[in-house]
Q: 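Pasting a structure below so you can have a look.
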2 protein chains.
Amino acid sequence: MNQSNILENRFPGRRAALKREILEQALYCFNELGLEATTIDAIKARCDTSVGAIYHHFGNKEGILSALFFAAQDDQRHRLEQELAGANSLREAVYSIIWSYLDWVVDNPEWARFLYQARSPVAKGPFQEELTNRNIQNYRKLKERLISFGNDDIKIIQPFEMLFSLIIGPSENYCRAWLSGRVKTSPQEYRKEFAESVWRSLQS
Amino acid sequence: MNQSNILENRFPGRRAALKREILEQALYCFNELGLEATTIDAIKARCDTSVGAIYHHFGNKEGILSALFFAAQDDQRHRLEQELAGANSLREAVYSIIWSYLDWVVDNPEWARFLYQARSPVAKGPFQEELTNRNIQNYRKLKERLISFGNDDIKIIQPFEMLFSLIIGPSENYCRAWLSGRVKTSPQEYRKEFAESVWRSLQS
DNA sequence: AAACAAAACAGAATAATATTCTTCAACAGA
DNA sequence: TCTGTTGAAGAATATTATTCTGTTTTGTTT
C-alpha cells in the first residue's frame with residue numbers, strides 16, 4: 001500500500017484504475033526483484049490482470065519503467081518548485097533545494113529507490129530524448145532562479161555546473177546509502193547539518 | 001580498445017585471454033546498449049566466440065556483470081588506498097579521497113560509467129552478500145584511517161556516516177553528470193575547487 | 001613421449017520471457 | 001439504439017537466456 005498519491009495525481013479517474021494498479025505493482029516488483037529480474041508475468045500475477053492489458057497501457061516493459069520514472073521525477077520536481085518559490089535569498093534557495101530533496105526521499109522511499117536505479121535504463125531507452133529535454137529544462141530554470149538573487153550577499157566562486165553538484169551531491173549520496181541500508185539514520189535527522197555544510201562550502 | 005589494464009591485472013595470463021576479451025566486449029555492449037538490452041548473442045558476436053564459452057567462464061549474464069563490477073571497484077579502491085597511504089593529516093586524507101576518485105573516473109570513463117549503472121543489479125543479484133561485505137570492510141577501513149589522524153587540527157562536527165557523503169557526494173554527482181554528457185568540463189579541471197569546497201564544508 | 005585429467009570451447013537443444021495478434025467486452029457520444 | 005473507440009483477455013509467436021552434450025586444447029604425471 002502506497003500512502004502517497006503520485007499515481008492518483010498523474011493518472012486520475014476510475015478508468016485509469018488498472019493502469020495505476022499495474023504501475024504500483026510494477027514499482028514493487030522492480031524494487032524487490034530488480035529491474036531485469038522483474039518479468040511481465042510477475043507483474044501480471046500481482047495485479048491479477050492479463051498481458052494484453054499491460055501491453056495495451058504501456059507498450060512494453062520499458063514503457064512501464066518510463067511511466068514510473070517520469071511520474072516520480074515530476075512529483076519530486078514539483079515539490080522542489082513549491083519550496084523554491086518561497087525563498088527570498090540565495091541562502092534560503094540553497095536550503096530549499098536540499099530540504100525539499102531530503103523530505104521527498106523520506107516521504108517516498110520506494111519511489112526514490114526506484115528513481116535511482118531506473119535512471120540509466122531510461123536514459124538509454126526510447127525516451128532518451130524526452131529525459132534529456134526535461135533535464136535541460138529543469139537545469140535552466142533552476143539556474144535562472146538562483147541567478148535571480150544576485151551574488152551580492154555572498155561570493156559564489158564556483159562555476160555554475162559545479163555549483164549544482166556541491167549543493168545536491170552530499171544529500172544525494174547520503175540518501176542512496178540510506179535507501180540501500182548502508183546507514184541507518186534518517187536523512188531528515190541531518191537536514192540542518194547538510195544545509196549548513198553546503199552553505200559553508202559555497203563561501204569563498 | 002581499452003588503454004587501461006584493469007582486466008589484465010585481474011585475469012592475467014594467456015589462458016584467460018578469451019575471458020578478458022569477453023569482458024571487454026561486454027563492457028562495451030553494456031555501456032552502449034544498456035544492461036538489459038545487451039544480449040548474450042551481441043556479446044558473442046563482438047568477440048567471435050560461442051555461448052558455450054561465455055557460460056563456461058561466467059555462468060550467466062549476471063556473472064559477467066558482477067565480474068566487471070568487482071574488477072572495476074577493486075581497481076578504484078586500490079587507487080584510493082595508494083593515495084591515502086601518503087596522507088599525513090586529515091586535510092590531506094580528504095584531498096586524497098577526492099582526488100583519487102576524480103582521477104580514477106577521468107582515467108577510466110568507461111569503467112566508471114559501468115560502475116554507476118551496474119551497482120543496483122549487482123546489489124540485488126546472487127553476489128549481494130559479497131558486495132555488502134566488501135562495502136562494510138572498505139567503509140570500516142576508511143573510517144579507521146580517518147580517525148587515526150585525530151580531531152585535533154580541526155573540529156569535525158558531523159557524525160561519521162554523514163561525513164563520508166559530504167566528502168564524496170559532490171565529486172560523485174559531478175562525475176555522473178560528466179559521464180552522461182550533462183556537463184562538458186572535465187572533473188579534473190575542478191580538482192582543486194572540489195577538495196577546497198569540501199574542506200570548507202567540514203569546518204565547524 | 002604417452003596417457004590421463006582438467007579446463008576451454010563449440011553449437012544444437014531447451015526453457016524462460018517478451019511481444020504480438022486476434023477476439024471480445026465496456027463504454028461514450030450521436 | 002447504433003457505432004466507433006478504448007479496455008481487457010489469452011492464445012500464438014518471437015526473442016533471448018540457459019543447459020547439455022560432445023570435442024578440442026592444455027597441463028601434468030609417469
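Atoms considered below: every heavy atom in the structure, side chains included; atoms not considered: hydrogens, waters and symmetry mates. Every chain is numbered from 1 and lettered A, B, ... according to where its sequence line falls, protein lines coming before strand lines.
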Q: Provide the start and end nucleotides, 5' to 3', of the part of DNA chain D that has atoms under 4.0 Å from heavy atoms of chain A.
A: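 Answer, 5' to 3': dG7(D) to dA11(D).
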Q: Are there any protein N/O atoms within less than 3.5 Å of an N/O atom in nucleotides 9-12 of chain C, and if so, which ones and at what distance?
A:
residue : atom : partner  : partner atom : Å
dC9(C)  : OP2  : His57(B) : NE2          : 2.7
dA10(C) : OP2  : Thr49(B) : OG1          : 2.7
dA10(C) : OP2  : Ser50(B) : N            : 3.3
dA10(C) : OP2  : Ser50(B) : OG           : 3.3

Q: Heavy atom of residues 35-42 of chain A under 4.0 Å from DNA chain D: which residues?
A: none
Q: Checking the side chain of Glu83(A) only, and the main-chain atoms of Arg79(A) only, is there a donor and an acceptor separated by less than 3.5 Å?
A: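 Checked: no pair found.
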Q: With a 4.0 Å cut-off on N to O distance, would you call Arg191(A) and Asp103(A) a salt bridge?
A: yes
Q: I would like to know whether Gln73(A) and Arg119(A) meet side chain to side chain contact (heavy atoms under 4.5 Å, CB included); could you show each step before the answer?
A: CA-CA 10 Å; Gln73(A) 208 188 35; Arg119(A) 175 162 271 116; 3.4 Å; yes
Q: Tell me whether Lys44(A) contacts the main-chain N or O of Ile54(A) through its side chain, where contact means a donor paired with an acceptor under 3.5 Å.
A: no
Q: Taking Arg182(B) first and then Glu161(A), would you say they form a salt bridge - that is, a charged N and a carboxylate O separated by under 4.0 Å?
A: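 Not counted as a salt bridge, because no side-chain N and carboxylate O are separated by less than 4.0 Å.
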Q: Just checking, any donor-acceptor pair under 3.5 angstrom between side chains of Asn31(B) and Gln117(B)?
A: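 Checked: Asn31(B)/Gln117(B) side chains pair up, N/O donor to acceptor below 3.5 Å.
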Q: Could you tell me whether Glu24(A) and Arg20(A) have a side-chain N and a carboxylate O separated by less than 4.0 Å?
A: no
Q: Would you say Arg14(A) reaches dA26(C)'s phosphate, i.e. side-chain N/O to OP1/OP2 under 4.0 Å?
A: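 No, no such contact exists.
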Q: In whole angstrom, what separates Asn60(B)'s CG from dA16(C)'s C1'?
A: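 From Asn60(B) CG to dA16(C) C1': 13 Å.
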Q: Distance check needed: dT14(C) C1' versus Tyr55(B) OH, whole Å only.
A: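 Whole-Å distance recorded here is 12 Å.
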Q: Please list all pairs passing the ring-ring contact (aromatic ring centres under 6.0 Å, His included) test where one or both residues lie in residues 32-76 of chain A, with sequence neighbours left out.
A: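 Not a single pair qualifies under ring-ring contact (aromatic ring centres under 6.0 Å, His included).
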Q: I need the full list of ring-ring contact (aromatic ring centres under 6.0 Å, His included) pairs touching residues 77-109 of chain A, with sequence neighbours left out, sorted by first then second residue.
A: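 Counting only pairs at least two positions apart or across chains, the ring-ring contact (aromatic ring centres under 6.0 Å, His included) contacts touching residues 77-109 of chain A are Tyr95(A)-Trp99(A).
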Q: Could you tell me which residues satisfy ring pair (Phe, Tyr, Trp, His ring centres under 6.0 Å) with Tyr139(A), sequence neighbours excluded, listed by chain and number?
A: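 Testing Tyr139(A) for ring pair (Phe, Tyr, Trp, His ring centres under 6.0 Å), a comparison that skips the adjacent residues, returns Phe160(A).
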